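Below is one structure; the comments refer to it alone.
These figures come from a predicted structure and were not determined experimentally.
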Protein chains: 2
Amino acid sequence: MAGERAATLSDVAREAGVSLATASRALNGSDRVVRPELQERVLAAATKLGYTPNANAQAMARGSTETVGLLVKDIADPYFSTIAGGLADEAEKHGLLVMLCNTGGQAEREQKFLAALRRQRSRAIVLAGSDTTDMGHTREVADLLTSYLDGGGRAAAISQPRLPVDTVVIDNHGGAKALAERLVGLGYRRAAVLTGPEDLLVSTERHAGFAEGWLEATGSKPAYVADEFSRDGGHRAMSRLLEDGPEADCVFAVNDLMAVGALAACRQAGVEVGKDLAVAGFDDIATLRDVTPGLTTVRLPLADIGRLALELVLGEPSAELRKQSVHGEVVLRESTPPRS
Amino acid sequence: MAGERAATLSDVAREAGVSLATASRALNGSDRVVRPELQERVLAAATKLGYTPNANAQAMARGSTETVGLLVKDIADPYFSTIAGGLADEAEKHGLLVMLCNTGGQAEREQKFLAALRRQRSRAIVLAGSDTTDMGHTREVADLLTSYLDGGGRAAAISQPRLPVDTVVIDNHGGAKALAERLVGLGYRRAAVLTGPEDLLVSTERHAGFAEGWLEATGSKPAYVADEFSRDGGHRAMSRLLEDGPEADCVFAVNDLMAVGALAACRQAGVEVGKDLAVAGFDDIATLRDVTPGLTTVRLPLADIGRLALELVLGEPSAELRKQSVHGEVVLRESTPPRS
DNA sequence: CTGAAAGCGCTAACAC
DNA sequence: GTGTTAGCGCTTTCAG
């Protein structure tokens with residue numbers, strides 16, 4: 001039954017017949033060394049008593065924890081879960097525990113989590129996907145982060161350098177632009193973009209990058225229709241596009257999820273993607289690599305991005321903000337065949 | 001710059017001109033009440049000093065934390081990330097922080113995480129996907145869990161009731177069996193199962209359930225080929241099946257990921273799924289709902305399962321182990337049309 | 001209602 | 001090497 005007050009270090013010390021300090025040193029190899037004999041006695045006592053160090057007490061005494069926080073918009077979204085996987089892997093290597101904070105994209109929650117992480121004296125914080133054009137919120141987050149940093153914490157962001165912290169910058173603009181160029185190279189001439197909400201930075205950047213590439217290559221600006229940054233958003237946007245009479249021969253959905261929704265909408269409308277119309281996405285989500293037709297997209301090394309972010313935030317603190325750029329790679333598949 | 005030793009409660013107390021005790025009571029509404037006037041003074045002092053409570057110190061003093069641990073095999077796998085999403089949502093409602101532990105299916109890591117969670121004095125632990133037929137490891141985990149429980153912790157498992165804790169039992173057997181029956185009802189007569197490794201319980205259960213249903217309905221046992229419990233495993237298994245000459249008119253892959261791999265293998269082999277051959281999966285992973293042909297599967301309420309697990313582990317501790325059953329629902333799609 | 005004081009479990013000077 | 005002894009920051013009796 002739940003009784004038996006957990007054994008503490010003093011219990012172990014007493015049992016081993018040594019001082020508290022020695023027990024402490026024996027159980028966690030500090031710089032000081034203890035005689036092997038005592039060492040053993042302490043270890044034996046610890047096992048005998050089923051001693052487990054109390055991390056909270058250690059954190060207090062040492063003034064630092066073994067915990068890093070990770071803020072994501074939605075862990076169920078493969079984009080974030082892949083990043084989280086990479087980061088979790090890296091954390092494990094460093095013996096760190098990851099606090100998963102699912103913000104649901106709500107500014108309020110995001111701030112609450114930040115505060116909680118600060119209370120926990122989390123060693124570091126990584127923010128993924130909290131890019132918004134909402135300056136009020138960005139400001140608020142920046143403030144929280146700053147006071148966290150002042151307290152000796154470390155933080156990094158993934159995606160856009162809008163926060164006063166180190167960041168793994170994802171080249172959304174460049175990736176989308178490169179994609180546009182490739183599509184033009186394949187013979188496409190009229191594009192439409194399926195984009196997300198205006199206040200979502202990833203979305204607007206990809207849209208802008210694509211538009212820029214397209215404009216430079218063809219002299220014309222792609223049309224666009226905005227909706228949610230999700231599978232259903234893509235479906236709706238594409239449906240609307242189709243209804244309005246598709247002037248386009250090629251559609252760029254700003255992420256793979258939207259692209260898949262678009263694919264479904266086409267199927268339902270009897271439009272054959274890869275023949276009647278080309279469709280491309282962005283991210284190269286692993287589970288989506290088997291859709292038909294194969295989806296042309298811009299591959300992002302998501303797991304590496306997670307790893308990188310942790311490395312960045314764990315690395316030597318530097319005076320100036322570091323930016324680590326990550327570029328996507330265009331992956332051509334059947335959804336955008338060369339145009340005959 | 002990072003200086004300014006973070007303000008502590010005593011700083012606040014001094015600033016407000018009250019005792020430590022009063023400051024504590026004012027800042028976190030204990031049972032005791034403080035005069036509104038003082039209350040205000042304390043609050044003001046706290047904001048002025050930018051005070052943030054130290055959760056570790058609170059944990060020590062109170063003897064309990066605001067943290068729950070979640071063990072998953074692979075957070076990048078949509079199955080687990082969806083569960084994690086549901087659980088994270090629920091945790092947020094309870095004001096709890098989630099420690100994400102990515103075990104990678106390694107027994108050793110799993111045990112390390114369990115120990116870490118115990119050290120952290122995590123309020124509760126939820127284990128997802130640690131089902132193995134490896135009794136040695138199961139035993140080890142059971143022991144760790146037991147001592148954690150003895151220390152006043154709470155724990156729950158998702159999937160199979162092999163651990164001495166409350167569990168959200170997923171009816172893999174029943175779901176697969178129901179699927180088999182439906183397929184037979186559709187006119188299929190010769191089945192093959194694409195299954196995972198033998199020591200993976202989910203996989204063996206689904207296989208067994210399907211086989212039982214099939215046997216009862218047709219009098220014959222489905223063939224099977226085993227490989228990894230992943231997209232690539234499904235691909236390889238299906239390829240092998242196809243090479244050996246597909247005696248089957250219908251293939252059941254024990255999860256959607258494998259099924260998608262199988263779909264790809266069929267495509268490459270020129271076998272048209274939904275016509276030449278039927279294919280079904282299990283889980284109903286959201287991002288896979290748009291593959292073509294639509295994949296027949298057994299839908300599991302993954303997010304709810306995550307929520308449920310947390311509710312279970314947070315609920316009134318009961319003497320006997322609780323089991324909360326969750327059943328899947330067969331979802332018929334184009335990959336298994338009625339057989340003409 | 002408020003304050004003084006005793007811990008919570010552990011680490012890190014500081015002596016020996 | 002090993003032991004003593006302050007704290008780390010907060011909560012919670014126990015008096016007043």
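Summarising the geometry, atom CZ belonging to Phe113(A) is positioned 10.5 Å from atom CD belonging to Glu108(A); distances are rounded to the nearest 0.5 Å. Leu127(A) CG to Cys101(A) SG: the interatomic distance, rounded to the nearest 0.5 Å, is 9.5 Å. Arg139(A) CZ to Thr146(A) OG1: the interatomic distance, rounded to the nearest 0.5 Å, is 10.0 Å. Taking OG of Ser64(B) as the start and CZ of Arg123(B) as the end, the distance is 5.0 Å to the nearest 0.5 Å. Remark: Ile170(A) CD1 to Gln160(A) CD distance equals 7.5 Å, nearest 0.5 Å. Atoms CG and CD1, on Leu70(B) and Ile75(A) in that order, are 9.5 Å from each other to the nearest 0.5 Å.
Looking at Leu302(B), Ile158(B), Val168(B) one by one, the single match for side-chain contact (heavy atoms from CB on, under 4.5 Å) with Val326(B) turns out to be Val168(B).
Here the range on DNA chain D touched by chain B, meaning any atom under 4.0 Å from one of its heavy atoms, is dG9(D) to dC14(D). A nucleotide of DNA chain C counts as in contact with chain B when one of its atoms lies under 4.0 Å from a heavy atom; the first and last such, 5' to 3', are dC1(C) to dG9(C).
Heavy-atom distances under 4.0 Å link DNA chain C to Tyr51(A), Pro53(A), Asn54(A) of residues 35-55 of chain A, given in residue order. Non-hydrogen atoms lying under 4.0 Å from DNA chain C are contributed by Val18(B), Ser19(B), Ala21(B), Thr22(B), Arg25(B), all within residues 16-27 of chain B.
At its two ends the helix from dC1(C)-dG16(D) to dC16(C)-dG1(D) runs along axes set 40° apart, each axis drawn from five pairs and the angle rounded to 10°.
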Going through the checks in order, is the side-chain hydrogen bond (donor to acceptor under 3.5 Å, both in side chains) test met by Arg162(B) and Thr138(B)?
CA-CA 8 Å; Arg162(B) 320 206 91 209; Thr138(B) 301; 4.6 Å; no
Check against salt bridge (charged side-chain N to carboxylate O under 4.0 Å, His left out), Glu92(B) and Lys112(A)
CA-CA 10 Å; Glu92(B) 209 270 336; Lys112(A) 256 166 65 180; 3.7 Å; yes
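By the 4.0 Å N-to-carboxylate-O rule, Glu66(B) lies too far from Arg119(A) to be salt-bridged with it. Salt-bridge formation is detected for the pair Arg41(B)/Glu37(B): a Lys NZ or Arg NE/NH1/NH2 atom is positioned less than 4.0 Å from an Asp or Glu carboxylate oxygen.
Using a 4.0 Å heavy-atom criterion, one finds that Asn28(A) contacts the sugar-phosphate atoms exclusively.
Looking only at side-chain heavy atoms (C-beta outward), Ile125(A) and Arg154(A) stay at 4.5 Å or farther from each other.
Within 6.0 Å of atom CD in Gln106(B), more than 12 heavy atoms from other residues, nucleotides or ligands are found, so the atom counts as buried in its surroundings.
Between the side chains of Arg118(B) and Thr52(A), at least one donor-acceptor pair of N or O atoms lies under 3.5 Å.
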Could you go through residues 310-322 of chain B and list every donor-acceptor pair under 3.5 Å that involves a side-chain atom there, pairing it with any protein atom two or more places apart or in another chain?
residue, atom, partner, partner atom, Å
Ser318(B), OG, Glu320(B), O, 2.6
Arg322(B), NH1, Glu316(B), O, 3.2
Arg322(B), NH2, Asp166(B), OD2, 3.1
Arg322(B), NH2, Glu316(B), O, 2.8

